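Not measured: the values here are computed from a predicted model. Side-chain atoms are counted along with the backbone in the values below, which use heavy atoms only and exclude waters and symmetry mates.
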Amino acid sequence: MSSSSTSENQNPPQLRKDPIWNRWVIFSPARSKRPSDFKSKSSSSNPNPTTNCPFCIGNEHQCAPEIFRVPSDDPNWKIRVIQNLFPALSRELDDPVDGASGSVLDGFGFHDVVIETPVHSVQLCDLEREEIGEVFVAYTRRIQQLVNRHSIKYVQVFKNHGAAAGASMSHSHSQMIALPVIPPSVSARLGSMKDFFDQTGKCCICEIQRENLLIDSSTYFFSLVPYAASFPFEIWIVPRYHSAHFHELDAEKAIDLGGLLKQMLNKISLQLNDPPFNFMIHTSPLHGNESELAYTHWFIQIVPQLVGTAGFELATGCYINPVFPEDAAKVLREVNVSESG
């Protein structure tokens, strides 16, 4: 395709600075490909049989120990929070000494699994908004338990959906890893947010650019494609109200959030051929100082797995996104999904 034929339908490449993580993103639209043409090459649907799935109701004895279930002590549970059978960190080790020097720590921490439904064939986006809200409340309940462990500095909630996104089990679940350190990406995010606040006196998430990027909104939240999205069709769900800590989410807001998340997951499923995806809750350290509360603001990031991370990205930390955020937001706005649930 000649350069003259691309000029009418396609913008030239552009670099944008991501103000949240303080990194550059290259927008280089794929030749001869419209944003609406992006489809996942590997559907997230997994034909794994339900027999002997340890996450299915009735197979609880196959799992690692349970932390709690919803409803409590009910054999007909809706959600279970359990220890990960193959944890990245060990809760059996001694808590690290606060302020310990050196570059090596014992691998103390907590790695939990949240089983989002007792039914193998049901995915998170199939649940009613109230049921997704209950999953969010389960996250907050577990984080509130971990707040009491002063050696735990940060809790990362994440979901891997589909084998290509890192899910080893097809039964719908998410995970939580509680760390005795603050991860470098979190430190970078907090540092960028602080710089913005020091310069403007405002929270950069509260001031986030929405024009042409907004997808939808609810009573307490809005969804958008970020201005410097690192990945094609990346979506953020952001509280309209200023809040530093996800675990302070109440039940009413959790249901509202559940409805908007359901809508976004259904949109990417319809538009992008049910892609594998990851979602991550970006929040604040558990025991930060009071001044952090003014400039930190939690949000959810959803990343459909449509393009791989290759050598350039690994070498530079600079991502190449083939879809301009404004184009992705327009496509997602136009995907009609049922309002029910």
What are the two closest non-hydrogen atoms of [X] and [Y], and how far apart are they?
X      : Y      : value
Ile20  : Met193 : CG2-CE, 4.3 Å
Met176 : Phe158 : N-CE2, 4.5 Å
Leu286 : Leu146 : CD1-O, 4.2 Å
Lys159 : His173 : NZ-O, 3.0 Å
Arg16  : Ala228 : CB-CB, 4.0 Å

For the [atom1] atom of [X] and the [atom2] atom of [Y], what is their distance to the nearest 0.5 Å?
X      : Y      : atom1 : atom2 : answer
Trp236 : Met280 : CH2   : CE    : 10.5 Å
Ile115 : Cys63  : CD1   : SG    : 4.5 Å
Ile132 : Cys125 : CD1   : SG    : 7.5 Å

Indicate every side-chain donor-acceptor pair of residues 179-191 with a distance under 3.5 Å to a residue at least two apart or in another chain.
| residue | atom | partner | partner atom | Å |
| --- | --- | --- | --- | --- |
| Ser185 | OG | Trp21 | NE1 | 3.1 |
| Ser187 | OG | Pro183 | O | 3.4 |
| Arg189 | NH1 | Thr283 | O | 3.0 |
| Arg189 | NH2 | Tyr154 | OH | 3.1 |
| Arg189 | NH2 | Thr283 | O | 2.8 |

**Q.** CG (Asn148) with more than 12 external heavy atoms under 6.0 Å
**A.**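 Count over threshold, so yes.
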
Identify whether the distance between the nearest side-chain nitrogen and carboxylate oxygen of [X] and [Y] falls below 4.0 Å.
X      : Y      : result
Glu134 : Lys78  : yes
Asp198 : Lys194 : yes
Lys330 : Glu326 : no

Between the main-chain N or O of [Y] and the side-chain N or O of [X], is there a donor-acceptor pair closer than 3.5 Å?
X      : Y      : value
Asp126 : Gln123 : yes
Asp106 : Phe108 : no
His242 : Leu293 : yes
His111 : Asn84  : no

(Q) Just to verify, what does Tyr319 make a ring pair (Phe, Tyr, Trp, His ring centres under 6.0 Å) with, not counting sequence neighbours? (A)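 Partners of Tyr319 under the ring pair (Phe, Tyr, Trp, His ring centres under 6.0 Å) test: Phe231.
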
Q: Please assess Leu261 against Phe136 for the test side chain to side chain contact (heavy atoms under 4.5 Å, CB included), listing each intermediate value before the final yes or no.
A: CA-CA 11 Å; Leu261 178 65; Phe136 284 124; 3.5 Å; yes

Q) Is NZ or CZ of Arg142 both nearer than 6.0 Å to the six-membered ring centre of Phe110 and within 45° of the ring axis? A)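 Ring-cation test returns yes.
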
Do [X] and [Y] pair up side chain to side chain, a donor and an acceptor below 3.5 Å, judged on atom types alone?
X      : Y      : result
Asn22  : Lys17  : yes
Gln144 : Arg141 : no
Thr296 : His245 : no

Q) Restricting to pairs with a member in residues 288-317, which pass salt bridge (charged side-chain N to carboxylate O under 4.0 Å, His left out), not counting sequence neighbours? A)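 Residue pairs with at least one partner in residues 288-317: there are none.
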
Q: For residues Tyr220 and Phe222, establish whether the separation of their ring centroids is below 6.0 Å.
A: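 No, too far apart.
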
**Q.** Check against side chain to side chain contact (heavy atoms under 4.5 Å, CB included), Gln305 and Asn278
**A.** CA-CA 8 Å; Gln305 290 295 335; Asn278 306 96; 2.5 Å; yes

